[in-house]
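Notes follow the structure.
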Number of protein chains: 2
Amino acid sequence: MTTLAPTPHELMIRKMESIFPLSVEEKQAISALPIQLVDIKTNQDIVREGDEPSQCCLILEGFTCMYKVTAEGKRQILSLYVPGDVPDMQSLHLKVIDINIASISPCKLGFIQHKDLRQLCERYPRLTAAFWRETLVHASIFREWLLNNGQRPAYTRIAHLICELRMRLKVVGLAENGTFEMPATQAELADATGITQVHTNRVLQVLRADGLISTVKTQMHVPDWNKLKQAGEFDSLYLHLIKTATA
Amino acid sequence: MTTLAPTPHELMIRKMESIFPLSVEEKQAISALPIQLVDIKTNQDIVREGDEPSQCCLILEGFTCMYKVTAEGKRQILSLYVPGDVPDMQSLHLKVIDINIASISPCKLGFIQHKDLRQLCERYPRLTAAFWRETLVHASIFREWLLNNGQRPAYTRIAHLICELRMRLKVVGLAENGTFEMPATQAELADATGITQVHTNRVLQVLRADGLISTVKTQMHVPDWNKLKQAGEFDSLYLHLIKTATA
DNA sequence: CGACCGATTGACGACCATCAAAGGTAGTGG
DNA sequence: CCACTACCTTTGATGGTCGTCAATCGGTCG
């Protein structure tokens with residue numbers, strides 16, 4: 001596993017290979033994709049409800065979130081996105097965006113034109129399946145969150161979310177030795193899990209007291225993966241990783 | 001709008017056309033799909049976590065639900081499926097199923113072999129986009145449920161769910177005059193919205209008292225669509241219907 | 001008629017929300 | 001180098017929405 005910062009194309013391929021086996025030829029085709037690099041600051045909207053973008057956004061560095069707000073102004077974070085993810089892949093087939101995507105840390109983004117992606121899919125039909133599969137895996141994550149937020153108590157819920165992040169970061173090489181960057185604030189964790197910021201703070205304190213996590217600034221450390229997995233009732237089946245990626 | 005019971009292929013086409021425009025040729029191709037009809041009773045599992053099916057399931061009559069259960073045995077219903085839906089379309093690209101699908105009323109199902117769907121997609125690449133789009137719309141529904149269950153109070157939450165069902169049934173011609181079949185029990189509504197069965201019962205009583213809904217056995221009637229929409233903060237954008245379908 | 005399933009009601013309590021304020025920490029600018 | 005500011009974290013007090021437990025009612029079907 002490379003520990004040096006990968007190039008945008010390497011990162012994209014590494015992520016895709018965690019859920020779909022790619023041939024050498026397909027990887028070369030992906031490597032030829034034009035990608036436009038952009039840096040953004042924390043708390044910047046990348047895509048907004050109602051937009052009709054002509055490009056997709058690949059996360060290269062930093063975290064972003066997808067969210068929606070109710071009429072009363074309550075925000076639900078629907079998913080967190082980490083390097084290697086393409087949070088708005090759906091815009092390839094859903095013209096009008098129905099969600100918002102924003103950075104929750106400084107980010108480096110890579111924009112890929114829809115037309116380039118479509119062309120790639122035409123020439124390499126297996127890549128159509130790969131991208132489709134990626135959107136299906138994200139749908140599966142939404143479902144797991146629905147279960148998590150709907151049926152599990154706050155403690156388990158937050159433990160589960162941390163497990164998911166560790167797992168998703170690990171497949172792109174960003175969670176070695178149980179340590180990873182986790183720039184989300186407690187308010188953001190709260191909006192993601194559907195509990196209040198105050199209660200999130202209290203639950204995190206208990207998780208720390210129980211020795212399941214420890215934090216230094218935005219670094220999160222998981223000393224005992226099995227214990228945390230158990231506390232969060234975490235089973236990674238829903239991430240649909242292929243075996244080589246989890247090994 | 002036809003009121004006679006449509007054939008399986010007519011129903012499938014009607015549903016697909018609500019989110020994707022089909023050419024005459026494409027409709028003919030869909031009409032040629034082999035579909036195996038099966039009748040099942042209430043509360044029967046159709047697909048189970050861990051299965052690796054070689055076919056997809058088209059709902060022809062009745063309601064089904066997708067669900068998951070926590071380690072503590074709490075069930076979260078992740079989505080309700082109505083005639084015209086293919087709840088396990090994802091199995092085309094995610095080999096191992098990570099959810100359960102069960103009937104919540106007597107159902108007539110139509111099974112379509114994966115190989116037939118793949119062949120169809122190869123011959124008609126636009127249909128690939130259509131099916132992909134269908135899975136994206138369902139992902140969008142999961143997201144809206146996440147917002148609904150996470151951030152809205154029980155009253156709004158249930159109103160929203162009823163709005164969604166009315167809308168989705170309407171596009172397949174099953175909700176005329178604000179009346180439709182709604183066979184879900186209160187326990188099932190509870191598991192779908194993440195509140196308890198007892199509280200669901202109380203909220204339904206208030207909704208009835210407020211004149212937003214009335215029920216006779218499994219028939220649900222919505223006397224004032226705009227009032228219910230407002231109570232449920234319902235905006236159908238997330239269903240990504242094309243205009244002709246909503247008119 | 002009895003069994004079963006779903007709807008309804010009552011009493012009670014807990015988990016978590018709400019409101020408010022105080023500590024910490026990092027970044028900015030004088 | 002030290003205010004000053006902004007943001008995040010932490011703490012305390014209070015209460016409400018909703019969960020839990022348990023029982024009854026009502027309709028359906030064999």
Side-chain angles (χ1 to χ4, degrees), chain A residues 41-44 63 65 70 72-77 102-106 148-162 181-209 213-220, chain B residues 41-44 63 65 70 72-77 102-106 148-162 181-209 213-220:
Chain A
K41 287 182 294 204
T42 304
N43 290 328
Q44 301 247 278
F63 278 38
C65 72
T70 66
E72 282 79 35
K74 301 204 166 194
R75 177 178 70 159
Q76 175 71 43
I77 291 184
S103 59
I104 61 171
S105 76
N148 201 36
N149 293 2
Q151 302 299 146
R152 294 203 256 248
Y155 183 86
T156 316
R157 211 183 287 189
I158 292 189
H160 189 282
L161 175 56
I162 296 171
E181 270 299 312
M182 223 296 289
T185 65
Q186 294 183 357
E188 283 153 353
L189 288 181
D191 285 348
T193 50
I195 58 192
T196 57
Q197 188 260 23
V198 170
H199 200 62
T200 301
N201 178 276
R202 291 178 171 135
V203 169
L204 283 174
Q205 290 180 48
V206 180
L207 283 169
R208 282 193 282 254
I213 60 170
S214 63
T215 54
V216 181
K217 301 189 191 270
T218 60
Q219 290 265 336
M220 175 150 302
Chain B
K41 286 180 294 205
T42 305
N43 290 329
Q44 301 248 279
F63 278 39
C65 72
T70 67
E72 283 78 35
K74 299 202 166 194
R75 176 177 70 160
Q76 174 71 45
I77 290 182
S103 58
I104 61 171
S105 76
N148 200 36
N149 293 2
Q151 303 297 149
R152 295 204 255 248
Y155 183 87
T156 317
R157 210 182 288 189
I158 291 189
H160 189 282
L161 175 56
I162 296 171
E181 270 299 313
M182 223 297 287
T185 65
Q186 294 184 355
E188 283 153 354
L189 288 181
D191 286 348
T193 50
I195 57 191
T196 57
Q197 189 259 21
V198 170
H199 200 60
T200 302
N201 178 276
R202 291 180 171 133
V203 169
L204 283 173
Q205 290 180 49
V206 180
L207 283 169
R208 282 192 282 253
I213 60 170
S214 62
T215 53
V216 181
K217 300 186 190 273
T218 59
Q219 289 265 336
M220 174 150 301

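Letters A, B, ... mirror the listed sequences (proteins, then strands); counts begin at 1.
By the side-chain contact (heavy atoms from CB on, under 4.5 Å) test, Val203(A) is found to be paired with Ala154(A), Tyr155(A), Ile158(A), His199(A), Leu207(A), residues two or more places apart in sequence or in another chain being considered. Here Thr215(A) pairs with Arg208(A) under the side chain to side chain donor-acceptor pair (under 3.5 Å) rule; sequence neighbours left out. Applying the side chain to side chain donor-acceptor pair (under 3.5 Å) rule to Gln197(B) yields no partners; only residues at least two apart in sequence or on another chain are considered. Among residues two or more places apart in sequence or in another chain, the side chain to side chain donor-acceptor pair (under 3.5 Å) test is passed with Gln205(A) by Asn201(A). Considering only residues two or more places apart in sequence or on other chains, Thr42(A) meets the side chain to side chain donor-acceptor pair (under 3.5 Å) condition with none of them.
In DNA chain D, stems built from 3 or more consecutive Watson-Crick or G-U wobble pairs, each with both distances under 3.5 Å, span C:1-30 with D:1-30.
Taking the side chain as every heavy atom from C-beta outward, Ile162(A) and Leu189(A) never approach each other to under 4.5 Å. Using a 4.5 Å heavy-atom cutoff, the side chains of Thr156(B) and Glu72(A) are not in contact.
For the contact set between residues 152-162 of chain B and DNA chain D, defined by any heavy atom under 4.0 Å, the members are Pro153(B), Ala154(B).
If you measure from atom NZ of Lys41(B) to atom P of dG30(D), you get 11 Å, rounded to the nearest angstrom. Rounded to an integer number of Å, the gap from CG of Asn201(A) to P of dT10(D) is 5 Å. The CG-P distance, from Asn149(B) to dC18(D), rounds to 12 Å in whole Å. dT17(D) atom P lies 14 Å from atom CD1 of Ile195(B), rounded to whole Å. Whole-Å rounding puts the Ile213(A) CD1 to dT9(D) C1' distance at 14 Å. Atoms CD (Gln205(B)) and C1' (dC18(D)) sit 15 Å apart, rounded to a whole Å.
Bounding nucleotides for the chain A contact on DNA chain C, 5' to 3', at a heavy-atom distance below 4.0 Å, are dC16(C) to dA26(C).
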Pairs: protein N or O with nucleotides 20-27 of chain D N or O, under 3.5 Å:
| unit_1 | atom_1 | unit_2 | atom_2 | d |
| --- | --- | --- | --- | --- |
| dT20(D) | OP1 | Lys74(B) | NZ | 3.1 |

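Of all heavy-atom pairs spanning Ser105(B) and Phe63(B), the tightest one is OG-N, 3.0 Å.
The closest donor-acceptor contact from the side chain of Gln219(A) to the backbone of Met182(A) lies at 3.5 Å or more, if one exists at all.
Annotation: salt bridge (Lys or Arg N to Asp or Glu O under 4.0 Å) contacts involving residues 148-157 of chain A, sequence neighbours excluded, comprise Glu144(A)-Arg152(A), Arg152(A)-Glu233(A). Applying the salt bridge (Lys or Arg N to Asp or Glu O under 4.0 Å) definition to pairs two or more places apart or across chains, those involving residues 185-197 of chain B are Arg75(B)-Asp191(B).
For the atom pair NE2 of His160(A) and CG of Asn148(A), the computed distance is 5.0 Å after rounding to the nearest 0.5 Å.
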**Item:** CA sep, side-chain torsions, deciding dist, call: Glu181(B), Thr218(B), side-chain hydrogen bond (donor to acceptor under 3.5 Å, both in side chains)
**Value:** CA-CA 6 Å; Glu181(B) 270 299 313; Thr218(B) 59; 2.7 Å; yes

